[in-house]
Asks: 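Sharing a structure here in structure tokens format.
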Amino acid sequence: MADIIETEVAVLGGGPGGYTAAFRAADLGKQVVIIERNPSIGGVCLHWGCIPSKHLLHAAEVIQEARAAESSGIRFGEPQIDIEKLRASKDRVVSTLAKGAEGLAKARKVRVITGEGKFLGSRTLQLSTGDQVRFEYCIIAAGSRSIELPMIPRDDPRVWDSTDALELKNIPKHLVILGGGIIGLEMAEVYHALGSKITVVEMTDQIIPAADADLVKPLMKEMKARYEGIYLGTKVTEVKPLKRALKVMLEGGKAPEYLEADALLVSVGRRANGDLLDLERAGLEHDRQGVITVDDFLRTDVKHIFAVGDVTGAPMLAHRAAYQGRVAAEVIAGLPSSYAPMTIPSVAYTHPEVAWMGLTEKEAKQQGIACTKGTVPWQASGRALSAGKQNGVTKVLFDKKTGRVIGAGIAGYQAGELL
Ligand code: FAD
């Protein structure tokens, strides 16, 4: 028999946006239900994103640091990598945190229902279990998914998205990475440290296109030394699955006609999941990227339905999703809360890291804001030099008229922490 579950707040999706919203709403006295299609809450960030990638990046950093120590006279020898053990330790971290999140839900009496939810009307969700959830308020936190490209076969096990890459099934001899954004470059770090040759193919003329060109220079310098190839301004036009390898056909830039890859990671961005929720039945819309529009209070066009996190578009970051979740819960509880961040920091956990916040120079120019810039190359920093980390730069942007800081960026060792 299908049940009808009544609740004050229904949260659709149990990622950082959803569980933060649910926990905050419960703490503020609301009765809350989370609907999550996966067996465990935590979302992309915990299961297939931030946490597993940062665990593997930590392993990669240990390997790189051990190698770098050689120039100071300390030699460790080549690392012995037990891929099974590395995978198991990553899975252990994920499951520990997932249990923690479940515990936090239980402690707050937040009910977690496993099932896929779609709108049946503006007050009702239909679940894949057959049950229905009727709500006073709904917070949509359904996240995003990897973009797939039509000319790339998805049924060949050698074609990966970021989730496949994080599974660490094997270490390909030659990994071609399509997309020079944060996710692709972080995976490049991991697989390079584990022994793969890496080639990066990026359509625009810069890696990490969202960041300023001067900020990605220190990373580009190290990537050029480490990787097989980096092809900017280059498109993949076709992928031919041959028996011995994937033949990746290229067009543009200084790229060869094709590359032969043992695996191809497609990391060309993510699209919001708004198109999978039957929004029109609730009187809502999404744009072509699946994005749901919200106001400063995270309200959609239907005033008792809110949306938070990746499903509301860029920047698709876990800390943004969590903060939005908190604000949505507070607005529902009647608190004077709104989403108006002065800055949302972004970090690429590459080697060296690239981190920025506030406006970039590109954005200041687009917005017609005249700015001045203060830049410190790390060659001038005794602390950086003594650690052998002089490949870095710190810059701060100031509004020319007022002198006010409008943005900052750091590239270098542990730039994310510094920022
Ligand atoms: P999600 O985490 O995507 O959660 C949405 C949840 O909703 C999922 O659990 C999904 O199963 C569920 N769901 C969707 N539709 C339905 C439905 N119809 N019914 C029921 N459940 C549904 N961000 C950072 O800030 N720092 C990082 O270092 C970082 N690293 C990343 C590395 C990788 C490889 C990836 C892919 C992403 C990374 N991100 C990082 C981005 C971060 O993971 C996302 O911004 C964050 O997870 C968004 O949270 P969310 O709650 O909006 O959505």
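Not measured: the values here are computed from a predicted model. Atoms within each ligand, like the ligands themselves, are counted from 1 in listed order. Numbers here simply count residues along the sequence, with the first being 1.
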Asks: Run the numbers for me: atoms of ligand 1, each under 4.0 Å from some heavy atom of S53, listed by number.
Replies: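 Here the atoms of ligand 1 in question are 32 (C).
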Asks: What protein heavy atom is closest to atom 7 (O) of ligand 1, reported as residue, atom name and distance in Å?
Replies: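 Protein heavy atom at minimum distance: G13 CA, 3.2 Å.
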Asks: Any donor-acceptor pair under 3.5 Å linking the side chain of R87 with the backbone of E167?
Replies: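 The answer is yes, because a donor-acceptor pair under 3.5 Å joins these two groups.
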Asks: Quick one: nearest non-hydrogen protein atom to atom 24 (C) of ligand 1, plus distance?
Replies: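 Here the closest protein heavy atom is A318 N, 3.5 Å.
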Asks: Classify the contact between K54 and ligand 1 as side chain, backbone, both or neither, using a heavy-atom distance cut-off of under 4.0 Å.
Replies: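 It is the side chain that touches ligand 1; the backbone stays farther off.
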Asks: Which atoms of ligand 1 are found less than 4.0 Å from any heavy atom of G15?
Replies: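 So the atoms of ligand 1 that pass are 2 (O), 4 (O), 6 (C), 51 (O).
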Asks: Would you please indicate yes or no on a ring centroid separation below 6.0 angstrom for Y339 and F297?
Replies: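 No, they do not, as the ring centres are separated by 6.0 Å or more.
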Asks: Give the residue, atom name and distance (to 0.1 Å) of the protein heavy atom nearest atom 12 (C) of ligand 1.
Replies: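 Result for atom 12 (C) of ligand 1: E36 OE1, 3.3 Å.
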Asks: Any idea which atoms of ligand 1 are less than 4.0 Å away from a heavy-atom of L277?
Replies: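 Every atom of ligand 1 under 4.0 Å from some heavy atom of L277: 18 (N).
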Asks: Looking only at protein heavy atoms, which one is nearest to atom 16 (C) of ligand 1, and how far off is it?
Replies: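 Ranking protein heavy atoms by distance from atom 16 (C) of ligand 1, first comes R37 CD, 4.0 Å.
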Asks: Considering S267, A314, G49, C45, which one's heavy-atom position lies nearest to atom 43 (O) of ligand 1?
Replies: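 Checking each option, the heavy atom nearest atom 43 (O) of ligand 1 is found in C45.
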Asks: Identify, by atom number and element, the atoms of ligand 1 in contact range of G43, meaning under 4.0 Å from any of its heavy atoms.
Replies: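 This gives 2 (O), 4 (O), 8 (C), 9 (O) as the contact atoms.
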Asks: Identify, for atom 53 (O) of ligand 1, the protein heavy atom at the shortest distance, and state residue, atom and that distance.
Replies: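 The protein heavy atom lying closest is G143 CA, 3.3 Å.
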Asks: Tell me the nearest of M316, R145, K118 to atom 41 (C) of ligand 1, using heavy-atom distances.
Replies: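 Selected option, by shortest heavy-atom distance: M316.
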Asks: Near G117, which atoms of ligand 1 are under 4.0 Å from a heavy atom of that residue?
Replies: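 This gives 17 (C), 18 (N), 19 (N), 20 (C) as the contact atoms.
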Asks: At less than 4.0 angstrom from any non-hydrogen atom of G115, what atoms of ligand 1 do you find?
Replies: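 The list of qualifying atoms is 19 (N), 20 (C).
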Asks: Going by the atom numbers of ligand 1, which of them fall below 4.0 Å from some non-hydrogen atom of R270?
Replies: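 Ligand 1 atoms under the 4.0 Å threshold to R270: 36 (C).
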Asks: Can you name the atoms of ligand 1, numbered from 1 with element, that are less than 4.0 Å from a heavy atom of S144?
Replies: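 Near S144, meaning under 4.0 Å from one of its heavy atoms, ligand 1 has 3 (O).
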Asks: Write out the residue and atom name of the closest protein heavy atom to atom 40 (C) of ligand 1, then the distance separating them to 0.1 Å.
Replies: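 Scanning the protein heavy atoms, the shortest distance from atom 40 (C) of ligand 1 goes to C50 SG, 3.3 Å.
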Asks: Considering only non-hydrogen protein atoms, determine which one is nearest to atom 52 (O) of ligand 1 and report residue, atom name and distance to 0.1 Å.
Replies: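 Protein heavy atom at minimum distance: D310 N, 2.9 Å.
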